[in-house]
Number of protein chains: 2
Amino acid sequence: MRGVTIRDVAARAGVSPATASRVLSGNPATSALSRERVEQAVAELGFRPNAQARSLRSTRTSTIGLLISDVRNPFFADLAHAAEQQALELGLITLLANANESVEQQNRYLDVLLAQRVDGLILVPQGGDNANVEMLASSGLPAVFVDRVIDGIDLPSVTADNSSGMGEAVQHLAELAHRRIGYISGPRSASTGRERFAAFQAATLACGLEQDPELVVFGDFQAGSGAAGARQLLELSNAPTALIAADGLMTMGAVRICQELGIRIGEDLSLVGYDDIDAFAIMRPALTLIAQDADEMGRTAVRLLHQVIAGEEPEPVVLPTRLMVRKSTGPVKTGVNR
Amino acid sequence: MRGVTIRDVAARAGVSPATASRVLSGNPATSALSRERVEQAVAELGFRPNAQARSLRSTRTSTIGLLISDVRNPFFADLAHAAEQQALELGLITLLANANESVEQQNRYLDVLLAQRVDGLILVPQGGDNANVEMLASSGLPAVFVDRVIDGIDLPSVTADNSSGMGEAVQHLAELAHRRIGYISGPRSASTGRERFAAFQAATLACGLEQDPELVVFGDFQAGSGAAGARQLLELSNAPTALIAADGLMTMGAVRICQELGIRIGEDLSLVGYDDIDAFAIMRPALTLIAQDADEMGRTAVRLLHQVIAGEEPEPVVLPTRLMVRKSTGPVKTGVNR
DNA sequence: CAAATTGGTGGAATCGATTCCATGAAATCG
DNA sequence: CGATTTCATGGAATCGATTCCACCAATTTG
């Protein structure tokens, strides 16, 4: 069954490999007769073109790579799903790779995807060692950044406005009379980590809130660090009355810790999460959060990449973020010390 | 930068392409001198071997395909993550593809992955049109089923014991005096859907519970169908006092509906979920659920595939499932009609 | 010291599909 | 009706790395 080549097909159809190839690639310069005979031979032999051989010659693979930072993060799962569907519509196949929030693994997959000669690459860059990403950018392979960018590397990008949603969140908490807001930040190595933190600082300053460095802890966008950060903040002698976490997984970690410590979210503590993850809607209390549109981000990334492949130079796209107020935030409790 | 071939490297190093190739593939029949010169040339030119050309000749790609049914289902996200890490340890690169619970899309990706000449394939088969899967099985390409199987197609598999956890769950509910248990089933097209349903029926029979066909609704393993199913069951004139959902996403849908209908989970209604998803642990009340080890399943699938690639014929592996009792199940309320 | 082994090397064939180029037949035109 | 264009086709080169085979030099062995 395996090892059926186009030569076998051609022989069976009584034509040359050249003609068989033309039929298979939809080249119009083929007669109805040979088209029919080749198609029948293909069916009879169960022929499957070897993509390697094909793209070796034609230098196109109709395949794009999507290198995300964490499959287990629902935000990226959604993004990947939307991107893949959009790619399918454009006739592109998506090979998904998971950097697992590790630069080393990112670089490894970068190598693999380049070696696979994908037609283009969508990348959620990890911070740290950028050598491979720089190589990618200068290689001329169509590529776009999604969600995060790397300063100094000029590639088209789709990102979210990391500032406006955060500003709304801080203002919302300020209006509820919170003065000390704890912040569980993403890593400084990620642009999203830096931008959200900067937005947090700017907003607390603008609202005249306390700017105590003790109120900020740095995590790595994974649940464990969110938990550790929340614990550290909540065990402060002068603990914050509200908490903002900078991504979905760290939010989950923070929630877990609140429960362990017996802190009632929405009453004893106001919590603002990040990312509009399904689970956050059905939690009780439902989580107030900063939402970004993962689906739109995924789709846009593919469209941008498609443009780059077509030789265009698309402008960077910045999608909005917004605060969704639900039940995990409330007025600060005055006089009651927990 | 692009288009550097091994010929360029060889020329720069002053050796033949054959020697350059040997150095690059770690063939011991190379002198220290040429090894050094080739490596330097590679570095200077930024040479990247073309995987297509390589595997065209050597028929190995060191790449495996992992075709899951839904990236957005945390169970499969966990499974994919674990599989990928295990593959990396064995020196294999995982290309992840997402069937999106659709046979058509599964078949499309099956074509692509075969054309990419992956060394092996791990597949969560969709039900329905099996033609492509049969083709796969008879093609001789190393392949294993994970999570689900297709009857009549003899491939090594890693599945969960869909029976024991379900049995425990029904018994647990029976002990809490529930007599009418609603069941939100997976599709009959999936082996897991069928097996869990069969286990549910067997267990209700064994425990002497009601076997009303009205108590069973069929979903498609996605959140929407879980919601629709839960609504249908809970709006029954003679509604069940307990609900079991057959996968994680349908469980989430069911929870959402309970909240919409104002039904207090764990008090008005007992709910047993499926899959040990992080979110289920931090929900209030924490969900009682049937847990399977997604990580172990992913790792085992890769190990099995590795064995198949090595020419062995591994036995099917069945992993245990177990009931984790938390707070969403409680004694049936007698006398109180909601 | 001749013969056999070992080790490194280069030339050339190879993997399978695509595509350039030349060719011959049919169709169109002046 | 001869000349030109169109069209389908086959032969052969090609993509880039691997690997078989032959070769030569250096070493070891009888």
Side-chain angles (χ1 to χ4, degrees), chain A residues 1-39 41-42 45-63 111-112 114-119 139 141, chain B residues 1-39 41-42 45-63 111-112 114-119 139 141:
Chain A
M1 186 64 74
R2 298 190 77 194
V4 181
T5 77
I6 201 169
R7 232 162 271 274
D8 303 327
V9 171
R12 177 153 195 136
V15 300
S16 74
T19 301
S21 170
R22 277 185 280 258
V23 170
L24 287 166
S25 59
N27 189 316
T30 49
S31 68
L33 177 65
S34 40
R35 234 171 298 154
E36 190 190 333
R37 300 177 69 179
V38 168
E39 268 155 24
V42 165
L45 296 172
F47 169 72
R48 249 166 227 289
N50 183 323
Q52 255 93 33
R54 165 175 294 173
S55 58
L56 176 57
R57 185 66 230 256
S58 64
T59 67
R60 302 211 80 193
T61 57
S62 294
T63 293
D111 270 343
V112 173
L114 286 183
Q116 294 285 335
R117 294 296 195 265
V118 290
D119 287 347
S139 75
L141 181 80
Chain B
M1 187 63 77
R2 299 191 79 192
V4 181
T5 78
I6 200 170
R7 231 162 269 276
D8 303 327
V9 171
R12 178 153 194 137
V15 300
S16 75
T19 300
S21 170
R22 277 185 280 259
V23 170
L24 287 166
S25 60
N27 188 316
T30 48
S31 69
L33 177 64
S34 39
R35 232 171 301 154
E36 189 190 334
R37 298 178 69 179
V38 168
E39 269 154 26
V42 165
L45 296 173
F47 170 71
R48 249 166 227 288
N50 182 322
Q52 255 92 33
R54 164 176 294 174
S55 58
L56 178 58
R57 183 67 229 252
S58 64
T59 69
R60 303 212 81 194
T61 57
S62 293
T63 292
D111 270 343
V112 173
L114 286 183
Q116 293 285 334
R117 294 296 195 267
V118 290
D119 288 347
S139 75
L141 181 80

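Proteins get letters first, then strands, A, B, ... in listed order; numbering begins at 1 in each. Just so it is clear, the values below take in all heavy atoms, side chains as well, and ignore hydrogens, waters and symmetry mates.
- Of all non-hydrogen atoms in B:Val4 and B:Phe47, the two that sit nearest each other are O-CD1, 3.3 Å.
- Residues forming a side chain to side chain donor-acceptor pair (under 3.5 Å) with A:Thr30 (at least two apart in sequence, or on another chain): A:Arg35.
- Among residues at least two apart or in separate chains, salt bridge (Lys or Arg N to Asp or Glu O under 4.0 Å) pairs with a member in residues 46-56 of chain A are A:Arg48-B:Asp111.
- The salt bridge (Lys or Arg N to Asp or Glu O under 4.0 Å) pairs that include a residue from residues 12-21 of chain B are B:Arg12-B:Glu44, where partners are two or more places apart or lie in different chains.
- Residue whose closest nucleotide on DNA chain C sits further toward the 5' end, between A:Arg22 and B:Ala20: B:Ala20.
- With a cutoff of under 4.0 Å to any heavy atom of chain A, the contacted region of DNA chain C is bounded 5' to 3' by C:dG16 to C:dC20.
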Please list every donor-acceptor pair under 3.5 Å in which a side-chain atom of residues 13-24 of chain A meets a protein atom from a residue at least two apart or in another chain.
residue: A:Ser16; atom: OG; partner: A:Ala18; partner atom: N; Å: 3.4
residue: A:Ser16; atom: OG; partner: A:Thr19; partner atom: N; Å: 3.2
residue: A:Ser16; atom: OG; partner: A:Thr19; partner atom: OG1; Å: 3.3

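- For B:Thr61, the side-chain contact (heavy atoms from CB on, under 4.5 Å) partners two or more places apart in sequence, or in a different chain, are A:Gln52, B:Ser55, B:Thr63, B:Arg117, B:Asp119.
- With sequence neighbours left out, A:Ser31 forms a side chain to side chain donor-acceptor pair (under 3.5 Å) with A:Ser34.
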Between the protein and nucleotides 25-27 of chain D, are there any N/O to N/O pairs under 3.5 Å, and if so, what are the atom names and distances?
none

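- Taking five base pairs at each end of the helix from C:dC1-D:dG30 to C:dG30-D:dC1 and finding the rotation axis that steps the C1' atoms of four pairs onto the next four gives two axes whose angle is 40°, to the nearest 10°.
- Within a heavy-atom distance below 4.0 Å of DNA chain C, the residues of residues 24-39 of chain B found are B:Pro28, B:Ala29, B:Thr30, B:Ser31, B:Ser34.
- In this structure, A:Thr5 reaches the sugar-phosphate backbone alone: every heavy-atom distance under 4.0 Å involves primed, P, OP1 or OP2 atoms, never a base.
- Within the 4.0 Å cut-off from OP1 or OP2 of D:dT9, not a single side-chain nitrogen or oxygen of A:Ser16 is found.
- For the residue pair B:Leu56 and A:Asn50, the shortest heavy atom distance occurs at CD1-ND2, 4.1 Å.
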